[in-house]
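Okay, so here's the structure we're looking at.
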Amino acid sequence: MSNDATDRSVTILPESECWQLLSGTPLGRLVTSADGMPEIFPVNFVVQRRTVLFLTAEGTKLVSSAINKNVAFEADSYDDAEGWSVIVKGVARSLHTTEEIEDAESSQLRPWTATVKEHYVRVLPTRITGRRFKFR
């Protein structure tokens, strides 16, 4: 395969398109570290003002390992012809104040499972990158 074919099959996405794609996707993966080991958690989420917002249960390993730590968040999608992947790197923050929680509640984020999840976490991005892939 020539470099020309490779160049056409992968496109680097602008930041605005990365946020647009994330906004239309309900499921992603939070990547963090616990006890020096990588951990990955699937989470349903929403984009709110160019941040990633999700709910989790109080006291979970997710909360203890992610809050106020550097994290990565990835979401993707594909069909028969093409796919895309967006990665957000940033800091995960637990929301505590009444104002923060009311703001998060306005996003209409709802948990997918019956597990009680009342703990909002917001990923504040430091970098977002994305790629679109055209399949053969």
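Excluded from the calculations below are hydrogen atoms, water molecules and symmetry mates; all remaining heavy atoms, backbone and side chain alike, are included.
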### Message
Val71 and side chain to side chain contact (heavy atoms under 4.5 Å, CB included): which single residue from Val91, Thr32, Val52 fits?
### Response
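Of the listed residues Val91, Thr32, Val52, the side chain to side chain contact (heavy atoms under 4.5 Å, CB included) partner of Val71 is Thr32.
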
#### Entry: Gap between atom CG of Leu53 and atom CZ of Arg122 - 0.5 Å precision
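It is 5.0 Å, given to the nearest 0.5 Å.
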
### Task
Kindly compute the distance separating OG (Ser107) from CZ (Arg49), expressed to the nearest 0.5 Å.
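One finds 9.5 Å between OG of Ser107 and CZ of Arg49.
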
Same apolar cluster (I L V M F W Y, side chains within < 4.5 Å links), [X]/[Y]:
X     : Y      : answer
Val31 : Val86  : no
Val88 : Leu124 : no
Ile87 : Phe41  : no

Kindly indicate whether the side chain of [X], heavy atoms from C-beta on, has any atom under 4.5 Å from the side chain of [Y].
X     : Y      : result
Thr56 : Glu118 : no
Ser9  : Phe133 : no
Gln48 : Asp103 : yes

Quick check against the 3.5 Å criterion: does [X] have a side-chain atom that pairs as donor or acceptor with the backbone of [Y]?
X      : Y      : result
Glu100 : Thr97  : yes
Glu15  : Gly130 : no
Asn44  : Arg110 : yes

### Task
Would you please test Val121 and Leu95 for side-chain contact (heavy atoms from CB on, under 4.5 Å) and show each step?
CA-CA 6 Å; Val121 176; Leu95 305 186; over 6 Å; no

Where do [X] and [Y] come nearest, in terms of heavy atoms and distance?
X      : Y      : result
His119 : Ala57  : CB-C, 4.4 Å
Pro125 : Thr51  : CD-CG2, 4.1 Å
Thr129 : Cys18  : C-SG, 3.7 Å
Asp80  : Phe135 : O-CD1, 3.7 Å

### Message
Could you walk me through whether Leu55 and Leu109 satisfy the side-chain contact (heavy atoms from CB on, under 4.5 Å) test, starting with their C-alpha distance in whole Å, then the side-chain angles of each, then the deciding distance to 0.1 Å, before giving a yes or no?
### Response
CA-CA 8 Å; Leu55 278 163; Leu109 175 63; 4.0 Å; yes

### Query
Does any donor atom in the side chain of Ser85 or Glu74 lie under 3.5 Å from an acceptor atom in the other side chain?
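Note: Ser85 and Glu74 side chains meet the donor-acceptor criterion.
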
### Task
Assess whether side-chain contact (heavy atoms from CB on, under 4.5 Å) is satisfied between Glu39 and Leu30, documenting all intermediate values.
CA-CA 8 Å; Glu39 296 282 348; Leu30 181 74; over 6 Å; no

Name every donor-acceptor pair, under 3.5 Å, that has one atom in a side chain of residues 20-28 and the other anywhere in the protein, sequence neighbours excluded.
| residue | atom | partner | partner atom | Å |
| --- | --- | --- | --- | --- |
| Ser23 | OG | Trp19 | O | 2.9 |
| Thr25 | OG1 | Leu21 | O | 2.9 |

#### Entry: side-chain contact (heavy atoms from CB on, under 4.5 Å) evaluation trace for Tyr120 with Ser94
CA-CA 6 Å; Tyr120 283 100; Ser94 178; over 6 Å; no

### Task
Indicate, with yes or no, if the rings of Phe45 and Phe73 have centres closer together than 6.0 Å.
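So the answer is yes for these two rings.
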
### Message
Does this structure show an ion pair linking Asp76 with Arg131, if we count only N-O contacts that are shorter than 4.0 Å?
### Response
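Salt bridge: no.
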
### Query
More than 12 non-hydrogen atoms from neighbouring residues, nucleotides or ligands closer than 6.0 Å to OH on Tyr78, yes or no?
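Result for OH/Tyr78: open.
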
